[in-house]
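So that the names make sense, note that chain A is the first sequence line, chain B the second, and so on, each numbered from 1.
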Amino acid sequence: MKVYLDNSATTPLNPYVLEAMLPFYTEKFGNAASIHSFGREANRAVSDAREIIAECINSRPSEIYFTSGGTESDNWALKGAVSVSKNKNKHIITTLIEHPAILNTCAELEKQNVKVTYLKPSKEGIINIKNLSESITEDTILSTIMFANNEIGTIQPIKEAAAICRDFGVLFHTDAVQAMDSQKIDVKDLGVDMLSMSAHKFHGPKGIGVLFLKTGSRLGKLINGGEQERGLRAGTTPTPLIVGMAKALEISNRDREINNERILRLRNRFIDMVLSEIPYAYLNGCRDSRLPNNANFSFAFIEGESILMRLDLAGIAVSSGSACASGSLEASHVILSLGVKEELAHSTIRFSLGVDTTEQQMDYVFNVLKKTVDDLRKMSPLYDYEKGIGSYV
Amino acid sequence: MKVYLDNSATTPLNPYVLEAMLPFYTEKFGNAASIHSFGREANRAVSDAREIIAECINSRPSEIYFTSGGTESDNWALKGAVSVSKNKNKHIITTLIEHPAILNTCAELEKQNVKVTYLKPSKEGIINIKNLSESITEDTILSTIMFANNEIGTIQPIKEAAAICRDFGVLFHTDAVQAMDSQKIDVKDLGVDMLSMSAHKFHGPKGIGVLFLKTGSRLGKLINGGEQERGLRAGTTPTPLIVGMAKALEISNRDREINNERILRLRNRFIDMVLSEIPYAYLNGCRDSRLPNNANFSFAFIEGESILMRLDLAGIAVSSGSACASGSLEASHVILSLGVKEELAHSTIRFSLGVDTTEQQMDYVFNVLKKTVDDLRKMSPLYDYEKGIGSYV
Amino acid sequence: MYNDKVIEIFKNPKNIGELKDANAIGTIGNASCGDIMQVYLKIENNIIVDAKFKTFGCAAAIAASSVATEMIIGKTIEEALSLKNADVVAELGGLPAQKIHCSVLAEEAIQAAIKDYKEKNNG
Amino acid sequence: MYNDKVIEIFKNPKNIGELKDANAIGTIGNASCGDIMQVYLKIENNIIVDAKFKTFGCAAAIAASSVATEMIIGKTIEEALSLKNADVVAELGGLPAQKIHCSVLAEEAIQAAIKDYKEKNNG
Ligand SMILES: Cc1ncc(COP(=O)(O)O)c(C=O)c1O
Ligand SMILES: Cc1ncc(COP(=O)(O)O)c(C=O)c1O
């Protein structure tokens with residue numbers, strides 16, 4: 001049996017999305033910047049896509065800027081805000097649990113003498129808004145807090161954070177890459193100035209994202225060149241990807257309630273089974289303010305990648321830490337920031353369910369997981385298998 | 001009849017390219033960074049694509065970095081070279097005929113106190129290499145000269161330019177976006193340090209490009225985040241686009257000779273017909289060191305966009321100046337740099353032939369063009385239709 | 001970019017060419033900016049009895065020239081002077097933002113022609 | 001990432017567990033780095049007659065533990081001491097670059113166990 005439980009890394013393309021894209025890969029191949037009929041045809045499709053996306057998030061079409069993905073959107077938001085700021089000293093506030101697209105951009109900006117404050121989450125994986133307001137100084141130009149965390153799925157109080165930033169005249173950006181599929185996003189209601197998304201996280205194509213940029217917000221360019229995207233993001237418009245992204249978001253919006261309900265039930269049942277039947281299994285992040293499809297556990301005494309590989313051998317795709325961090329030897333910065341000890345952080349597995357996940361699949365996964373944990377503990381020097389307890393060397 | 005003669009703006013996707021991409025839009029949707037089987041499958045495809053592209057340009061696979069397109073590659077090459085340089089004063093040499101992806105990036109860098117020298121081409125649209133060596137100073141960190149111009153198709157002496165830069169210890173980058181389809185590129189033979197390409201210019205998908213970066217060359221990052229592309233370009237790997245790009249370049253390489261020969265014959269025949277049968281028509285750029293598919297004329301006394309629109313009404317797609325510049329009111333910077341007067345520069349049309357172009361199509365285009373020029377001159381205040389001569393007001 | 005009406009007019013513009021017996025000529029724009037509009041009027045008893053144009057410019061400039069000349073034929077000088085670029089745009093069913101200046105050229109070319117007429121006849 | 005052989009060994013590792021009558025135990029690594037390898041040896045007349053392991057670590061670490069213990073059973077202490085991490089990698093048919101350190105752990109764990117044996121018996 002093949003079971004894909006890594007929907008936070010990427011999602012399968014919706015067949016209707018592919019269907020919408022295909023004409024732009026065949027006869028409608030024009031460059032959207034061209035004046036002739038081939039170009040106008042592409043241009044119309046891009047305009048329509050922009051309107052669809054705007055409608056989905058309650059923005060204006062002119063506030064939607066297409067990028068190559070969530071990473072570029074994040075880079076652009078941060079670097080663009082810094083490059084356009086006239087402040088002598090520049091200060092950014094973010095959190096310890098952001099995606100590397102934010103954290104490594106902050107590290108880059110720190111090299112350029114931007115000061116960065118990293119807010120620590122609670123043990124439950126939620127940022128305390130009070131810490132945000134206390135961190136704002138007269139130098140603060142931007143605060144960026146992710147909508148939902150990619151590893152543990154915790155949902156942050158974005159509306160409250162945006163309100164505080166607005167009061168202080170500080171720009172507010174949110175990385176909503178993980179949130180778009182399951183959360184209803186209304187940028188007006190949220191009051192954010194900028195918001196990043198990436199199509200492949202909601203059954204759209206890879207290589208396309210959006211930065212929502214509120215009318216009136218100024219932002220330096222990340223990529224200079226032609227006059228595409230109202231002159232703010234150069235490069236030949238990738239029409240098929242844009243059409244696909246719009247279609248995917250439209251479908252996601254339409255089916256959100258019904259998918260969320262089903263996935264949440266499967267997810268909660270799985271968490272209950274794991275916590276009650278696998279000893280020394282810990283759920284990372286709170287259970288309530290959390291994406292409906294995310295379950296992230298640490299299984300004490302055994303290492304995450306070997307769990308992942310065992311599940312993989314049984315056809316089950318999961319992630320240990322974030323996909324990006326895999327292959328590195330460091331424990332997840334997100335799990336560590338919750339106060340989880342390093343050895344336990346190394347024992348972490350993320351299950352991210354999707355629209356295709358079934359109860360039967362989850363039963364299968366549970367059984368394989370239970371046996372895997374059992375088998376690996378038998379060979380763990382940290383676990384006394386006879387006694388069923390941990391014994392650190 | 002529909003005739004697409006705007007292959008320099010973008011090319012139709014090759015059906016075999018789409019066929020190669022499709023599995024990665026359906027069952028093989030994994031994230032190439034994931035360790036599980038879905039990820040490994042994607043990762044293998046990306047590795048294979050990297051090898052194919054490397055083989056096509058005679059580089060190592062590890063020298064191929066995927067980007068979102070030619071514009072990003074150009075931005076990255078220039079900004080990355082500047083950000084990593086320790087020179088106190090930084091100087092870049094480029095040309096007046098570069099694409100906006102280079103020119104606007106240079107303008108951006110000038111704001112950051114980088115000095116930029118813009119080499120002027122000859123009347124024929126070719127850069128004099130002597131001017132390059134004379135412009136190099138001890139502050140020069142990079143020279144960037146396009147392989148072939150996107151408006152007039154002139155091919156620059158890249159190998160010679162690279163050799164000079166190597167002698168002076170100056171990094172050399174070339175924007176080969178327009179050259180990839182018809183020119184055999186061998187980065188070793190050329191001796192370039194960096195080279196930009198964009199898949200949609202050779203029948204690949206839009207939204208994917210490559211920066212070739214020679215082993216040992218250091219480059220700052222443009223987009224920070226995850227560890228993709230050997231840690232130098234973050235963002236979820238767009239597997240379908242990468243697979244498509246490799247397939248497109250492979251096919252382009254395979255069919256180059258035969259396509260070039262056919263297209264060149266059609267192009268030359270068309271140029272001869274226009275120059276001999278349409279009065280006051282001028283070919284911009286030299287005829288020899290020129291892409292085989294490019295014909296760029298100025299038709300005195302009438303304005304380019306209205307020619308373009310008339311051709312469009314007859315189903316013929318061409319460009320006036322570059323696609324990016326269209327919609328602006330300024331005459332092409334490329335045509336002006338040749339010393340062409342402003343009013344004549346406004347009268348410019350680019351015909352860029354493609355693999356699907358036929359002789360019958362070109363005959364049709366010639367006839368429509370001849371009538372169009374005739375009609376528009378009848379209503380031009382600059383042309384005395386009775387006498388058949390220009391009469392500037 | 002252009003609506004169907006603009007395209008249609010551009011395809012078959014009216015009033016092209018010189019007016020041999022014009023008694024008013026106005027020229028606006030210059031070729032280095034990519035736009036020249038030349039309007040010929042025949043004015044009799046304060047009425048514009050005929051109008052023609054020659055235009056070096058884009059599709060919008062040509063379409064604007066066509067509708068503007070049509071709009072003033074049969075009108076008094078005063079009526080023609082009150083023609084605003086917005087009227088031309090409206091008659092065209094709208095123009096892309098970056099092409100609005102073409103309608104301004106049409107307005108100005110007519111005003112220049114009438115000025116020419118007044119100068120010749122009063123000056 | 002991993003080759004088929006590594007996967008196969010990871011799936012069915014040999015010599016798992018404690019050796020009740022071990023007279024040499026070596027432990028290398030620490031959990032906060034994500035790797036601990038513990039090797040149990042039974043040594044008789046300078047010959048390693050049995051070996052088992054317990055490993056907290058990734059698939060490569062577990063596979064390396066398995067082949068390393070297999071490679072030293074029946075060998076003299078001197079032969080076991082000469083086992084290099086490259087031998088383990090070779091036996092595994094190669095490891096990804098970022099996993100080479102797992103083979104080093106296996107080499108070091110065996111050396112630590114033999115050191116433990118020597119200390120107990122000579123010290
Ligand atoms: C929270 C978050 N931000 C940003 C990104 C980057 O998006 P992409 O990889 O599509 O550029 C991801 C996913 O990788 C993510 O989960
Ligand atoms: C010479 C040249 N450089 C760079 C580019 C930019 O490539 P892209 O638009 O695919 O980013 C183009 C085409 O638009 C080009 O012709």
(Q) Please give me the minimum heavy-atom distance between Pro100(B) and Gly226(A), naming the atom from each residue. (A)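 Looks like CB-N, 4.0 Å.
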Counting C-beta onward and ignoring hydrogens, is there a side-chain heavy-atom pair between [X] and [Y] closer than 4.5 Å?
{"X": "His36(A)", "Y": "Val318(B)", "value": "no"}
{"X": "Leu22(B)", "Y": "Leu18(A)", "value": "yes"}
{"X": "Asn104(A)", "Y": "Lys221(B)", "value": "no"}
{"X": "Glu108(A)", "Y": "Ser83(B)", "value": "no"}

Q | Option that, when pairs with chain B are counted at under 4.5 Å, heavy atom only, ranks first among Ala234(A), Gly209(A), Gly69(A) | A |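 Highest number of pairs under 4.5 Å: Ala234(A).
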Q. Which residue out of Pro238(A), Cys106(A), Gly220(A) racks up the most heavy-atom pairs below 4.5 Å with chain B?
A.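 Of Pro238(A), Cys106(A), Gly220(A), Pro238(A) has the most heavy-atom pairs under 4.5 Å with chain B.
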Proximal component of [X], with respect to chain B [non-hydrogen, under 4.5 Å]:
{"X": "Thr11(A)", "answer": "backbone"}
{"X": "Lys79(A)", "answer": "side chain"}
{"X": "Tyr25(A)", "answer": "both"}
{"X": "Thr26(A)", "answer": "side chain"}

Q.
Checking Lys86(B) now: which residues fulfil salt bridge (charged side-chain N to carboxylate O under 4.0 Å, His left out) with it, not counting sequence neighbours?
A.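 Testing Lys86(B) for salt bridge (charged side-chain N to carboxylate O under 4.0 Å, His left out), a comparison that skips the adjacent residues, returns none.
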Q: Mind ranking Gly207(B), Gly39(B), Pro12(B) by heavy-atom pairs under 4.5 Å with chain A and telling me who comes out on top?
A: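 Top count of heavy-atom pairs under 4.5 Å with chain A: Pro12(B).
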Q) Among His200(B), Met21(B), Lys28(B), which has the most heavy-atom pairs under 4.5 Å with chain A? A)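 Heavy-atom pairs under 4.5 Å are most numerous for His200(B).
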Q.
Keeping Lys206(A) on the side-chain end and Phe29(B) on the backbone end, is there a donor-acceptor pair under 3.5 Å?
A.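 Flag set: sc Lys206(A) to bb Phe29(B) pair under 3.5 Å.
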Q. Taking Asn31(B) for the side chain and Ala9(A) for the main chain, is one N or O donor matched with an acceptor at less than 3.5 Å?
A.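 Confirmed, Asn31(B) side chain pairs with Ala9(A) backbone.
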[atom1] of [X] to [atom2] of [Y]: how many Å apart, nearest 0.5 Å?
{"X": "Ile102(B)", "Y": "Asn224(A)", "atom1": "CD1", "atom2": "CG", "value": "10.5 Å"}
{"X": "Leu222(A)", "Y": "Ile223(B)", "atom1": "CG", "atom2": "CD1", "value": "5.5 Å"}
{"X": "Ser37(B)", "Y": "Ile316(A)", "atom1": "OG", "atom2": "CD1", "value": "10.5 Å"}
{"X": "Ile208(B)", "Y": "Ser68(A)", "atom1": "CD1", "atom2": "OG", "value": "9.0 Å"}

Q) For chain A, which residues from residues 70-78 of chain B lie under 4.5 Å away (heavy-atom distances)? A)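 The list, in residue order, reads Thr71(B), Glu72(B), Asn75(B).
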